[in-house]
*Asks:* 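Have a look at this one before I ask anything.
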Amino acid sequence: MTALSIAFPERLRQKLDSFVADGWASSADDIVVEALRRFLDSHEPGLIESQVMSDVEWGLKGDA
Amino acid sequence: MPDSACVVSDAGPLIHLDELGCLDLLGGLGDVLIPEVVWAEVQKHRPAFALNLIATARIVPSEAVDAQLHAVSKAFDLDAGEIAALAVLRKKRARMLLCDDSAARLAAESLGVEVRGTIGLIVRAIRMKLRTTEEVHHLLHNLTALSTLHVSQALLKQVLAQLPAP
């Protein structure tokens, strides 16, 4: 494991702390890691590339 | 059946095209519907956004989120603006979503929605004769310097290779 220091809005921090305090997660670290994992899964570079290249094809040859 | 007279925009393309001074590239798409939630996001990032530069823009109220959209929005972890855009699109039977977020694009495509982003709109400007080929090359070359759209230089190089020579 490695550590990463980040700054984020106070309001988000409060929501994060409440979420943990209410028992929905064991720690803020767990939530941030899970959120990061989900973001990276859904923003995989190969996916973005295919979406952009599809846009280029449409841009050049589309009908609208 | 989609209504070819309108499209719905998420915040990304509006913000990025405004940063580039290119809101006119939304011309010819029909009415550009902007959900209130999306408009609030745009104003937060671009307080001086000149909506009147998009002749066909209309800010529209949020629509109810049906069960299918609710499930998809959870599965893809969509934000409030993306959900609102898809809800309006389904209600108005708009033919296209304008969006730059890859997860939101996946979600929309899973619902059978055509999605296009900022780069597609910029490239389209050549076909629609809104910009010269040279101007589009210049915009794409400077995309990451002039806007907050994050794209790798390698991908931009691929995009530029597909365009007619300036």
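Throughout, a chain's letter reflects where its sequence line sits, starting with A, and its residues are numbered from 1.
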*Asks:* With side-chain hydrogen bond (donor to acceptor under 3.5 Å, both in side chains) as the rule and sequence neighbours excluded, what pairs involving residues 51-65 of chain B come up?
*Replies:*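 Sorted result for residues 51-65 of chain B: B/Asp31-B/Arg58.
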*Asks:* Assess, by modelled atom type and distance only, whether the side chains of B/Ser73 and B/Glu82 contain a donor and an acceptor separated by less than 3.5 Å.
*Replies:*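 The criterion, which ignores hydrogens and geometry beyond distance, is not satisfied for B/Glu82 and B/Ser73.
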*Asks:* Suppose a student defines contact as a heavy atom less than 4.5 Å from any heavy atom of chain B. Which residues in residues 48-60 of chain A would they list?
*Replies:*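 Interface residues of residues 48-60 of chain A: A/Ile48, A/Glu49, A/Gln51, A/Val52, A/Met53, A/Ser54, A/Asp55, A/Val56, A/Trp58, A/Gly59, A/Leu60.
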*Asks:* Need one label for B/Val151: side chain, backbone, both or neither, based on atoms under 4.5 Å from any heavy atom in chain A.
*Replies:*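 Neither part.
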*Asks:* Which residue pairs satisfy the side-chain hydrogen bond (donor to acceptor under 3.5 Å, both in side chains) criterion with at least one member in residues 150-163 of chain B, sequence neighbours excluded?
*Replies:*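 Passing the test, one end in residues 150-163 of chain B: B/Thr144-B/Gln153.
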*Asks:* Is it the side chain or the backbone of B/Leu121 that comes within 4.5 Å of chain A heavy atoms, both, or neither?
*Replies:*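 Both backbone and side chain of B/Leu121 come within 4.5 Å of chain A.
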*Asks:* Side chain to side chain donor-acceptor pair (under 3.5 Å) with B/Arg46: which residues, sequence neighbours excluded?
*Replies:*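 Listed in chain order: B/Asp18.
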*Asks:* Within the side chain of B/His70, is there an N or O that forms a donor-acceptor pair under 3.5 Å with the backbone of B/Asp66?
*Replies:*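 Such a contact is absent between B/His70 side chain and B/Asp66 backbone.
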*Asks:* Does atom CD (B/Glu134) have a neighbourhood of more than 12 heavy atoms from anything else shown, all under 6.0 Å?
*Replies:*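 Atom CD in B/Glu134 is not packed in, count stays at 12 or less.
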*Asks:* Check whether any side-chain heavy atom of B/Val113 lies under 4.5 Å from a side-chain heavy atom of B/Met96, and answer yes or no.
*Replies:*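 No; the side chains remain at least 4.5 Å from each other.
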